[in-house]
Amino acid sequence: MARPRRQRPGAWAPLLLLLLAGPVACAASPADDGAGAGGRGPRGRVRGDSGSDEAVPRHDSSYGTFAGEFYDLRYLSEEGYPFPTAPPVDPFAKIKVDDCGKTKGCFRYGKPGCNAETCDYFLSYRMIGADVEFELSADTDGWVAVGFSSDRKMGGDDVMACVHDDNGRVRVQHFYNVGQWAKEIQRNPARDEEGVFENNRVTCRFKRPVNVPRDETIVDLHLSWYYLFAWGPAIQGSITRHDIDSPPTSERVVSIYKYEDIFMPSAAYQTFSSPFCLLLIVALTFYLLMGTP
């Protein structure tokens, strides 16, 4: 192999004069390592008095370090090592019942003292800017829904439902009650929806605008409506008839601007809490204590 041509001594003279005149520049310039007192050549070798060359390790530049790391990363990835993955998605935040009646309105249906994880049915609502956030939960493996009605009867109602499908997902869907039949509406006002199916319960959270363009199937939530509460099984992600024949409803119209914590006992607890049953129990107790004449 041909040896590199040695430069004439006259070519180095201007450079040596410049280095002697500016020692600061000499210390700052990496190119000057080849022309200092040690007499390094263009290929990073030291020239001694005898003319023999001694190898000196080359210094890695920042670009070389970056290129090496990039090559290593690419090489490892091609060999099957995965790139760093994104952090996991935050799990579904549990519904807080301590805020009921304070910063959000709540409806509970079931056993006295139940919460969002133990009630047969639970709903909460609160204002967030121009939206209303709803939280729904029910003891079912199918669907849970809330309807907005001008009366307390099913028919002509705007319905939001959270449906558990066969893939394990919980999707928020929009329906319109036509008589006793719920028709799915493709125009869905829900956003920021999330849901989970755990412990044989369907739970979801979503937002919906307060004001919407006029539509027969979507109501304005700034107006007050009766709330219809329902839940039931689903077949292949499609809702079927609700679990009970007469689902609970709000006793009066609900305003999203007023936060209340309303409890409604389920049928199993209504029997012992009705005025007639209480009167019957009192009469029976009095009869037993007094005895027969």
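One is the number of the first residue; the rest follow in order along the sequence. Being a predicted model, the structure only gives us computed values, none of them experimental.
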Trainee: With rounding to the nearest 0.5 angstrom, report the SG to CD distance, Cys106 to Glu260.
Mentor: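 Answer rounded to 0.5 Å: 11.0 Å.
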Trainee: Has Thr240 got a side-chain atom pairing as donor or acceptor with Pro233's backbone, closer than 3.5 angstrom?
Mentor: yes
Trainee: Can you measure from NE2 (His174) to OG1 (Thr217) and round to the nearest 0.5 angstrom?
Mentor: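 It comes to 5.0 Å.
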Trainee: Could you tell me whether the side chain of Asn167 and the main chain of Arg169 form a donor-acceptor pair under 3.5 Å?
Mentor: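 No: the side chain of Asn167 does not pair with the backbone of Arg169.
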Trainee: Just checking Asn199: does its CG atom have more than 12 heavy atoms from other residues, nucleotides or ligands closer to it than 6.0 angstrom?
Mentor: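 Result for CG/Asn199: open.
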Trainee: Hey, quick one: are Leu223 and Tyr259 part of the same hydrophobic cluster, counting side-chain heavy atoms closer than 4.5 Å, chains of contacts allowed?
Mentor: yes
Trainee: Apply the hydrophobic cluster definition, ILVMFWY joined by side-chain contacts under 4.5 Å directly or through others, and give me every member besides Ile239.
Mentor: Trp143, Val159, Val163, Phe175
Trainee: Using only atom types and a distance under 3.5 Å, with no angle test, would you say the side chain of Asp157 pairs donor to acceptor with the backbone of Gly155?
Mentor: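 Pair found, side chain donor or acceptor close to backbone of Gly155.
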Trainee: For residues 94-104, pull every pair meeting side chain to side chain donor-acceptor pair (under 3.5 Å), keeping only residues two or more places apart or in separate chains.
Mentor: Lys104-Glu135
Trainee: Kindly say whether Gly168 contributes a backbone atom to a donor-acceptor pair with the side chain of Asp165 at under 3.5 angstrom?
Mentor: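 Yes: the side chain of Asp165 pairs with the backbone of Gly168.
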Trainee: For the backbone of Val219 and the side chain of Asp158, can you confirm whether one donor and one acceptor N or O come within less than 3.5 Å of each other?
Mentor: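 Yes, because the side chain of Asp158 sits within donor-acceptor range (under 3.5 Å) of the backbone of Val219.
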Trainee: Please round to the nearest 0.5 Å and tell me the distance separating atom CZ of Phe206 and atom CZ of Phe134.
Mentor: 6.0 Å
Trainee: Indicate the atoms forming the closest heavy-atom contact of Val97 with Arg108, along with that distance.
Mentor: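 Closest heavy-atom pair between Val97 and Arg108: O-NH2, 3.8 Å.
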Trainee: Using the ring of each side chain (for Trp, its six-membered ring), is Phe107 parallel, tilted or perpendicular to Tyr227, with breaks at 30° and 60°?
Mentor: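 Plane angle between 30° and 60°, so tilted.
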Trainee: Measure the spacing between OG of Ser255 and OH of Tyr125 and express it to the nearest 0.5 Å.
Mentor: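 Rounded to the nearest 0.5 Å, the OG-OH separation comes out at 7.0 Å.
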Trainee: Restricting to non-hydrogen atoms, name the atom on Val210 and the atom on Val132 that form the minimum distance, rounded to 0.1 Å.
Mentor: CG2-CG2, 3.6 Å
Trainee: Which pair of heavy atoms, one from Met160 and one from Val172, lies closest together, and at what distance?
Mentor: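 Heavy atoms only, the tightest pair is CE-CG1, 3.9 Å.
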Trainee: CZ/Arg152 to CG/Leu228 distance, rounded to the nearest 0.5 angstrom?
Mentor: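 Reported to 0.5 Å precision, the distance equals 9.5 Å.
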Trainee: Considering all heavy atoms of both residues, which atom of Val144 and which atom of Tyr121 are nearest to each other, and what is their separation?
Mentor: CG2-CE1, 3.5 Å
Trainee: At what distance, to the nearest 0.5 angstrom, does SG of Cys119 lie from CZ of Phe263?
Mentor: 7.0 Å
Trainee: Please evaluate residues Trp231 and Asp120 with respect to the criterion side-chain contact (heavy atoms from CB on, under 4.5 Å), reporting the C-alpha separation (whole Å), side-chain torsions for both, the decisive distance (0.1 Å), and the verdict.
Mentor: CA-CA 9 Å; Trp231 63 99; Asp120 293 349; 4.3 Å; yes
Trainee: Do you know which two heavy atoms are closest between Ser250 and Phe229, and how far apart they sit?
Mentor: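 In this case the closest contact between Ser250 and Phe229 is N-CE1, 3.7 Å.
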Trainee: Are Trp225 and Tyr176 connected, step by step, through hydrophobic side chains (Ile, Leu, Val, Met, Phe, Trp, Tyr) whose heavy atoms are closer than 4.5 Å?
Mentor: no
Trainee: Is it the case that the side chain of Thr140 and the backbone of Gly232 share a donor-acceptor pair, with hydrogens and angles ignored and the cut-off at 3.5 Å?
Mentor: yes
Trainee: Taking NZ, NE, NH1 and NH2 as the nitrogens, is one of them in Asp192 or Arg205 under 4.0 Å from a carboxylate oxygen of the other?
Mentor: no
Trainee: Using a 3.5 Å distance criterion without hydrogens, assess whether the side chain of Arg201 forms a donor-acceptor pair with backbone atoms of Ala116.
Mentor: yes
Trainee: Between Val196 and Val170, is a side-chain contact (heavy atoms from CB on, under 4.5 Å) present by the stated rule, with each step listed?
Mentor: CA-CA 6 Å; Val196 65; Val170 175; 5.5 Å; no
Trainee: Should Ile95 and Ile256 be regarded as members of a common hydrophobic cluster, given that ILVMFWY residues are connected when their side-chain heavy atoms come within less than 4.5 Å of each other, either directly or indirectly?
Mentor: no
Trainee: Within the supplied structure, the quantity of interest is the number of heavy atoms (other residues, nucleotides, ligands) at a distance under 6.0 Å from Arg252 CZ; does it exceed 12?
Mentor: no
Trainee: So which atom in Cys162 and which in Val202 form the shortest heavy-atom distance, rounded to 0.1 Å?
Mentor: O-CG1, 3.8 Å
Trainee: Treat each ILVMFWY residue as a node, draw an edge where side-chain heavy atoms are under 4.5 Å apart, and state whether Met264 and Tyr226 are in one component.
Mentor: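 No; tracing contacts between hydrophobic side chains, which count when under 4.5 Å, never links both residues.
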Trainee: Show your reasoning for whether side-chain contact (heavy atoms from CB on, under 4.5 Å) applies to Phe122 and Asn115.
Mentor: CA-CA 8 Å; Phe122 178 91; Asn115 55 36; over 6 Å; no
Trainee: Is it true that Asn211 and His222 share a donor-acceptor pair across their side chains at a distance under 3.5 Å?
Mentor: yes
Trainee: Consider only side-chain heavy atoms of I, L, V, M, F, W and Y, link residues closer than 4.5 Å, and tell whether Tyr257 and Ile262 are in one cluster.
Mentor: yes
